[in-house]
Enquirer: 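Structure in C-alpha cells, see below.
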Amino acid sequence: MEPKMNIPDKFLKPYNPAETESRVYAMWEDSGFFHPETCIEKGATAEDAKPFTIMMPPPNVTGVLHMGHAMMLTVQDIMIRHKRMRGYRTLWLPGTDHAAIATQSKVEKEILKKEKRSRHDLGREELLKRVQNFAKESHDTIVSQIKVMGASCDWNREAFTLDDKRNLAVNTMFKKMYDDGLIYRGNKVINWDPKGQTTIADDEIVNVERDAVLYTFKYSHDFPIAISTTRPETKVGDTAVAVHPSDERYKEYVGKEYSFTFCDVPVTVKIIADESVEKDFGTGALGVTPAHSMTDWEIAERHNLPVKQVINEYAKMTVGTEELLGKKTADAREVVAKWLREKGLMISEENIKQNVPTAERTEGIIEPLPKLQWFVNVNKPIPSRGGKTLKEIMREPLQNGKIKMVPEYFNKTYFNWIDNLRDWCISRQIWYGHRIPVWYKGEEIFVGEQPPKLVSENASADKNQINHDHSGGAFSDTNLGGTWTQDEDTLDTWFSSGMWTFSALGWPEQTEDLKIYHPTDVLETGYEIIFFWVARMVMMSGYAIGEIPFHTVYFNGTVRDGQGRKMSKSLGNGIDPLDIAKEFGADAGRMALVMGTAAGTDSKISVDKIKGYKHFANKLWNITRFILGYAPEDLVEKPEIVERDSVLLSKFEEVAKEITDELDKYNFHLAAEKIYHYLWSHFADIIIEESKEVFKSGSQTEMRSRAYTLFKILSESLKVLHPFMPFVTEEIWTTIHPNENPLLVQRWPIK
RNA sequence: GAACGAUUAGCUCAGUUGGUAGAGCGUUCCCUUGACGUGGGAAAGGCCACAGGUUCGAAUCCUGUAUCGUUCACCA
C-alpha cells in the first residue's frame with residue numbers, strides 16, 4: 001500500500017501550539033458547548049443527564065495568573081472534560097474574588113508610591129473608584145489567562161464576589177445570622193494590624209521568628225513576685241499577676257492586691273490563680289495584660305479583671321510621662337527596660353527566639369487591642385438547624401462521610417482546627433468590600449438586606465457589575481428628621497467567599513440553577529486554604545440552605561520550582577504559565593503540572609519537564625501524520641478485522657478502562673501517565689512500527705484491517721487524552737473527523 | 001510543644017486490598033535518508049531512611065528512632 005498524498009499541509013510541519021490553541025479555544029466558545037444547556041439543546045448531553053458541577057475557586061483580582069492557578073485550572077478542566085464526555089450535564093462556573101484587603105492594600109501601595117498620598121488623603125469614594133478600576137483591569141487580564149489555559153468553563157454564568165447579586169446574598173446572610181443571634185457586636189481583644197489599620201482574623205496571621213529579649217524583673221521593690229516578659233512596655237497595662245493554683249511558692253499571695261508606680265504609671269495588680277499558667281516557664285508567674293494579649297484577655301474574663309488599654313491603633317503608648325507617652329512600642333520597650341535597670345528591679349535579660357505575629361498582607365506586627373467589632377458565634381445552638389452550632393455544622397458532614405476529602409488525611413487537620421476555633425471576627429476597617437449592612441441612628445440599629453427606607457433608590461444607582469459602589473454612608477431620613485449612618489466597616493473577604501457555592505448559583509433567589517447544580521460535586525483547591533475557605537463554605541452552606549456545599553474536596557499540592565522552593569516574586573524563580581503556553585503550549589504545561597502529582601502532594605516543575613510534553617504533543621502529531629498516510633477515509637464499512645488487530649483493539653479497551661478507573665479515583669497523575677505510555681511506548685513504538693511491515697508486505701485484508709485499526713485507536717485515544725491535552729487532541733480530531741461535533745463533546749470510549 | 005505528611009535509581013516522582021522493584025529526565029553505547037532527531041534500540045544505576053515486630057512472604061501492615069517538610073498552638 002502506498003501512502004496517500006492527501007495529508008493536510010499543517011501535518012508536514014511540527015505541531016505549532018501557539019498557532020493552534022487560541023483558534024481552537026475560540027471555536028469551542030463559539031460552539032456553545034461550555035454551556036450545559038446548549039449541550040442539551042444540541043443533543044450532546046441527554047436531557048435527563050446527571051449533573052456534575054464544579055465552582056471555580058475565584059482567583060483574586062489582584063494580579064495575574066500564576067502556576068498555582070494553572071494547576072487548579074488544569075485539574076478542574078480534566079474533571080470537567082472527562083465528565084462532559086461521559087455524558088454528564090456538566091457545569092463549571094467561573095468567577096473572580098474581590099479579595100478585599102489584598103486588593104485594597106495593593107492599590108494603596110501603588111498610590112502611595114506614585115502620588116505620595118494615603119487613602120485618607122483620597123477619601124473613601126475616590127479610593128474605591130481607584131480600587132474598582134484596578135479590579136476591572138485585573139479581572140479582564142485574569143479571564144483572558146484562564147482561557148489561555150484551555151479552561152472549558154461556562155462564561156455565561158461568570159460571577160464576582162462583589163457584584164450586585166453577591167452583595168444581596170451577603171447582606172441576606174448577614175441579616176439571617178444576626179436575627180439568629182449568630183452575629184453579634186462585641187468589645188474584645190482582636191488582632192490589630194497597625195500598618196493596615198484594620199483588624200484581621202486569626203488565620204490571616206503569619207508567625208515570623210525573630211530575636212527577642214526575655215526580661216525578668218519585679219514591678220517594684222515591695223512586690224513579692226518576679227515576672228518575665230518580652231514586652232515590658234505592656235506591663236503598665238497589667239491588672240493582675242497569675243500563678244498556677246498548685247504553685248506552693250506563691251500560694252500565700254493569691255487574692256492580695258498591690259499598688260505601685262511602674263515607670264511613672266500607677267499600676268494596681270491582683271494576684272490570682274489560674275490553671276493556664278505554666279509553673280515551669282520563667283518565674284512561674286504571669287503578668288496579666290488584658291488589653292494587649294489574647295490569652296490574658298481570656299484570663300481576665302474568667303477572673304473579672306479590669307481592662308486597661310495603654311497602646312493605641314498606631315502602636316503607640318497612651319499612658320505615662322513624656323518619657324513613654326506617644327512612643328512606639330519598640331522604643332517604649334527600651335525606655336521601660338532602662339528604667340528597670342536603673343531602679344535595680346531587673347533580674348535578668350535573656351536572648352531568645354520568639355515568634356512574632358505579623359499580618360499576612362501588610363507584614364505589620366500585630367498589636368492585640370480591645371475593639372468593638374462584629375463576630376460570628378461558632379458555639380451557639382441554632383434552633384432552625386436542630387440546635388446545632390456552626391462548629392457542629394462544619395464538623396458533621398466530614399465525620400459522617402457526606403463530604404470526602406482527597407487525600408483523606410486532611411480530615412484530621414480539619415477537625416484539629418475546628419476544635420481550636422474561636423468566634424470569627426468578620427469586620428474589617430477597610431473600604432473595599434461588602435460594607436456591613438448595619439445602620440445607626442442615635443441608639444437605634446437597623447440591620448437589613450437593603451438600607452433603611454428612602455435610601456434604597458440612592459444605593460442602587462450604580463448598576464455596573466464590577467464597579468459596584470458601596471460608598472454611600474449617611475442618608476437623611478426626612479420623614480423622621482434623623483440620619484441613618486451606615487457602619488463604616490466592611491466584611492472579611494472570606495464571608496462572601498464562604499457563600500460561593502450557592503451565591504454564585506443565585507441564592508437567595510430560589511433559582512433553577514440552585515436546584516439543579518447544588519450541592520456541587522467537587523471542590524478542587526489548594527490545601528493552604530482548607531480553613532479560610534473550605535470550612536467556611538461547609539459552615540455557610542449548611543447554615544443557610546441546610547446542604548453540604550460539595551460532595552468531594554480534592555486538594556492539589558503547591559507547585560514548586562526545580563529545587564523545591566515555593567515560587568515567589570522575590571526569589572524570581574516563578575514560571576509564568578503564560579510564557580509556558582506561548583513557548584511550549586498550554587497542553588504541555590498542563591501535562592507537566594499533572595504528571596507525578598498525587599493529591600495533596602507538592603510537586604516540582606521545570607522547563608525540562610514541560611519541554612518533554614511538548615515533544616509528546618508533537619509525537620501525537622506525527623502519529624497522526626503517519627496514519628493519515630494510510631487513512632481509511634474511504635473505509636466507510638468496517639473491514640474484516642484480522643486476529644492480531646482485534647488483539648490490539650481490545651488491548652486499547654483495557655487501557656482505556658484502566659485510565660477511566662484512575663480518573664474516577666481522582667488519580668489524575670496515573671491516568672495521564674497511562675495514556676502517555678500507551679501512546680508513546682505501545683501505539684507508536686510497537687503498533688506503528690509493525691504496521692510499516694504490514695503495509696509493505698501484508699495481504700490486502702491485513703492492510704485494510706490494520707488501516708482501520710490504526711485510525712480507530714487514534715480516534716479513541718484522542719478522546720482519552722483530551723481532558724489532559726485538549727488543544728492538540730481537538731485540532732487533530734476536527735481534522736480527521738471534519739463532519740462531527742468537536743472532540744469536546746464526543747462520547748468517552750468507556751461507559 | 002502538638003497534629004499531619006514525607007524519606008524508593010544521580011534528579012523528579014509512581015508503586016491503591018502484602019507476592020521476585022517502576023517511569024520520565026540525566027548518563028553511556030549503538031541504530032535510523034519516509035510519521036517524528038521533538039526519533040528508535042540497549043545498558044549502567046536501588047539492603048525501598050534506620051531498628052524491631054506481624055506474616056510462608058513487607059517498599060507496602062504495626063511499634064519505635066532519625067532527618068526533612070507543612071500546619072496549628074504558642075512561653076507570658
Side-chain angles (χ1 to χ4, degrees), chain A residues 2-3 7 11-15 202-203 205-207 212 214-216 227-232 234-235 238 241-242 276-278 280-289 292-296 299 352-357 407-421 527-528 530-531 557-558 560-564 566 584 588 591-592 595-598 600-609 611-630 661-662 665-667 669-670 672-674 676-677 680-681 684-686 688-689 691-692 710:
Chain A
E2 281 300 304
I7 302 168
F11 282 101
L12 300 177
K13 289 175 292 185
Y15 175 59
D202 291 347
D203 37 22
I205 290 175
V206 186
N207 290 305
L214 182 65
Y215 301 92
T216 302
I227 58 163
S228 298
T229 183
T230 53
R231 300 198 58 192
T234 65
K235 299 289 103 181
D238 282 10
V241 165
S276 69
V277 180
E278 287 283 338
D280 300 329
F281 183 82
T283 61
L286 165 66
V288 182
T289 324
H292 300 291
S293 154
M294 205 72 90
T295 46
D296 291 9
I299 294 174
I352 58 160
K353 294 273 182 205
Q354 191 193 25
N355 280 326
V356 180
E408 211 178 333
Y409 58 74
F410 276 109
N411 272 347
K412 291 177 188 168
T413 317
Y414 183 88
F415 291 138
N416 189 35
W417 178 78
I418 291 176
D419 291 341
N420 296 316
L421 189 61
Y527 58 78
E528 66 274 5
I530 180 169
F531 311 130
T558 306
R560 294 164 184 281
D561 73 359
Q563 275 107 60
K566 244 184 179 166
F584 305 103
M591 269 311 250
M595 282 284 211
T597 311
T601 314
D602 291 355
S603 61
K604 291 170 196 172
I605 195 162
S606 60
V607 171
D608 280 345
K609 189 174 178 187
K611 212 187 273 172
Y613 297 113
K614 182 185 179 176
H615 297 173
F616 178 55
N618 194 55
K619 185 79 180 175
L620 187 64
W621 195 250
N622 283 298
I623 287 172
T624 309
R625 177 176 163 183
F626 175 84
I627 293 172
L628 282 181
Y630 302 94
D661 285 347
E662 298 295 10
K665 286 187 281 184
Y666 303 99
N667 290 328
H669 58 302
L670 299 181
E673 199 178 294
K674 280 184 177 158
Y676 174 90
H677 276 114
W680 201 312
S681 312
D685 290 350
I686 296 174
I688 289 188
E689 286 307 319
S691 298
K692 291 176 185 171
L710 288 177

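Here is the naming used below: chain letters follow the sequence lines, and residue numbers restart at 1 for every chain. Any value given below was found using the heavy atoms of this structure, including those in side chains, with hydrogens, waters and symmetry copies removed.
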Enquirer: Describe the nucleic acid contact of Asp685(A) in one word from base, sugar-phosphate, nothing, applying a heavy-atom distance below 4.0 Å.
Expert: sugar-phosphate
Enquirer: Is the phosphate of rA73(B) approached by Trp417(A) (side-chain N or O, under 4.0 Å from OP1 or OP2)?
Expert: no
Enquirer: Check whether any side-chain N or O of Lys235(A) sits under 3.5 Å from a backbone N or O of Thr229(A) as a donor-acceptor pair, and report yes or no.
Expert: no
Enquirer: Determine the Euclidean distance between corresponding P atoms of rC50(B) and rC11(B); express it in Å to zero decimal places.
Expert: 16 Å
Enquirer: Check every strand shown and say whether Lys692(A) touches a base, only sugar-phosphate, or nothing at a heavy-atom separation below 4.0 Å.
Expert: base
Enquirer: Pro14(A) side chain: which of rA35(B), rA76(B), rU38(B) is closest?
Expert: rU38(B)
Enquirer: Nearest whole angstrom, please: distance from the P of rU16(B) to the OH of Tyr409(A).
Expert: 15 Å
Enquirer: Taking for each residue the nucleotide of RNA chain B bearing the nearest heavy atom, is the 5' side occupied by Glu673(A) or by Asn622(A)?
Expert: Glu673(A)
Enquirer: In whole angstrom, give me the gap between the C1' atoms of rG24(B) and rG15(B).
Expert: 15 Å
Enquirer: Is Thr601(A) touching bases, backbone alone, or none of the nucleic acid, heavy atoms closer than 4.0 Å?
Expert: sugar-phosphate
Enquirer: Which residues pass the salt bridge (Lys or Arg N to Asp or Glu O under 4.0 Å) test with Asp296(A), not counting sequence neighbours?
Expert: none
Enquirer: If we ignore hydrogens and angles and just use 3.5 Å, is the side chain of Trp621(A) paired with the main-chain N or O of Phe616(A) as donor and acceptor?
Expert: no
Enquirer: Using the C1' atom as the point on both nucleotides, what is the distance between rA76(B) and rG5(B), in whole Å?
Expert: 31 Å
Enquirer: Taking atom C1' of rG15(B) as reference, at what distance in whole Å does atom NZ of Lys674(A) sit?
Expert: 10 Å
Enquirer: With the side chain of Thr229(A) defined as its heavy atoms from C-beta on, choose the nearest nucleotide among rA14(B), rA76(B), rC4(B).
Expert: rA76(B)
Enquirer: Within a strict 4.5 Å, meaning less than it, do heavy atoms of the Ile299(A) and Ser276(A) side chains meet?
Expert: yes
Enquirer: If I take atom CG in residue Asn667(A) and atom P in nucleotide rU16(B), what distance separates them, rounded to the nearest angstrom?
Expert: 10 Å
Enquirer: Take atom P in rC4(B) and the same atom in rC62(B), then report the distance between them in whole Å.
Expert: 13 Å
Enquirer: When we call it a touch if two heavy atoms are under 4.0 Å apart, what does Ile530(A) touch: a base, just sugar-phosphate, or nothing?
Expert: nothing
Enquirer: Taking salt bridge (Lys or Arg N to Asp or Glu O under 4.0 Å) as the definition, give me every residue that meets it alongside Asp685(A), ordered by chain and number, with sequence neighbours left out.
Expert: none
Enquirer: Between Glu662(A) and Phe410(A), name the one whose nearest nucleotide on RNA chain B is closer to the 5' end.
Expert: Phe410(A)
Enquirer: What heavy-atom pair brings Gln354(A) and Ala212(A) nearest, and what distance separates the two atoms?
Expert: OE1-CB, 3.3 Å
Enquirer: Check the distance between rC13(B)'s P and Leu670(A)'s CG and give it to me in whole angstrom.
Expert: 15 Å
Enquirer: At 4.0 Å (heavy atoms only), tell me whether Asn618(A) reaches a base, stays on the sugar-phosphate, or touches nothing.
Expert: base
Enquirer: If we take the P atom in both rA49(B) and rA9(B), what is their distance in whole Å?
Expert: 9 Å
Enquirer: Rounded to whole angstrom, note down the C1' distance from rG45(B) over to rG26(B).
Expert: 12 Å
Enquirer: If you measure from the C1' atom in rA21(B) to the same atom in rU8(B), how many Å do you get, rounded?
Expert: 9 Å
Enquirer: Establish whether the base of rC25(B) is bridged to the side chain of Lys609(A) by a donor-acceptor pair shorter than 3.5 Å.
Expert: no
Enquirer: Classify the nucleic acid contact of Ala617(A) as base, sugar-phosphate or nothing, counting any heavy atom under 4.0 Å across all strands shown.
Expert: nothing
Enquirer: Please evaluate residues Phe584(A) and Tyr613(A) with respect to the criterion ring-ring contact (aromatic ring centres under 6.0 Å, His included), reporting the C-alpha separation (whole Å), side-chain torsions for both, the decisive distance (0.1 Å), and the verdict.
Expert: CA-CA 8 Å; Phe584(A) 305 103; Tyr613(A) 297 113; over 10 Å; no
Enquirer: Which part of the nucleic acid does Thr624(A) contact within heavy-atom distance under 4.0 Å: base, sugar-phosphate only, or nothing?
Expert: nothing
Enquirer: Side-chain contact test, heavy atoms from C-beta onward, threshold under 4.5 Å: evaluate it for Thr230(A) versus Tyr215(A) and give yes or no.
Expert: no
Enquirer: Output the single nucleotide from rC36(B), rG39(B), rC4(B) whose closest atom is nearest the side chain of His615(A).
Expert: rG39(B)
Enquirer: Measure CZ/Phe626(A) against P/rU38(B) and give the value in whole Å, please.
Expert: 20 Å
Enquirer: Is there a donor-acceptor pair under 3.5 Å between the side chain of Lys614(A) and the backbone N or O of Ala588(A)?
Expert: no
Enquirer: Over all strands shown, is Glu689(A) touching base, sugar-phosphate only, or nothing at heavy-atom distances under 4.0 angstrom?
Expert: base
Enquirer: In whole angstroms, how far is the P atom of rA35(B) from the CG atom of Leu620(A)?
Expert: 16 Å
Enquirer: Expressed as a whole number of angstroms, how long is the span from Glu528(A):CD to rU71(B):C1'?
Expert: 11 Å
Enquirer: Take N1-N3 plus N6-O4 or O6-N4 for Watson-Crick, N1-O2 plus O6-N3 for G-U, both under 3.5 Å. Which runs of 3 or more such pairs involve RNA chain B?
Expert: B:1-7 with B:66-72, B:10-13 with B:22-25, B:27-31 with B:39-43, B:49-53 with B:61-65
Enquirer: Looking across every strand, which nucleic acid part, if any, lies under 4.0 Å from Phe531(A) by heavy atom: base, sugar-phosphate, or nothing?
Expert: sugar-phosphate
Enquirer: Which heavy atom of Ile227(A) sits nearest to which heavy atom of Ala285(A), and what is that distance?
Expert: CG2-O, 3.9 Å
Enquirer: Hey, does Ser293(A) reach any base, or is it just sugar-phosphate, or nothing, if we go heavy atoms under 4.0 Å?
Expert: nothing
Enquirer: Any idea which of rG40(B), rC4(B), rA76(B) is nearest the Val277(A) side chain?
Expert: rA76(B)
Enquirer: I'd like the P distance from rA6(B) over to rU60(B), given in whole Å.
Expert: 13 Å
Enquirer: Output the rounded distance in Å from OH (Tyr527(A)) to P (rU71(B)).
Expert: 7 Å
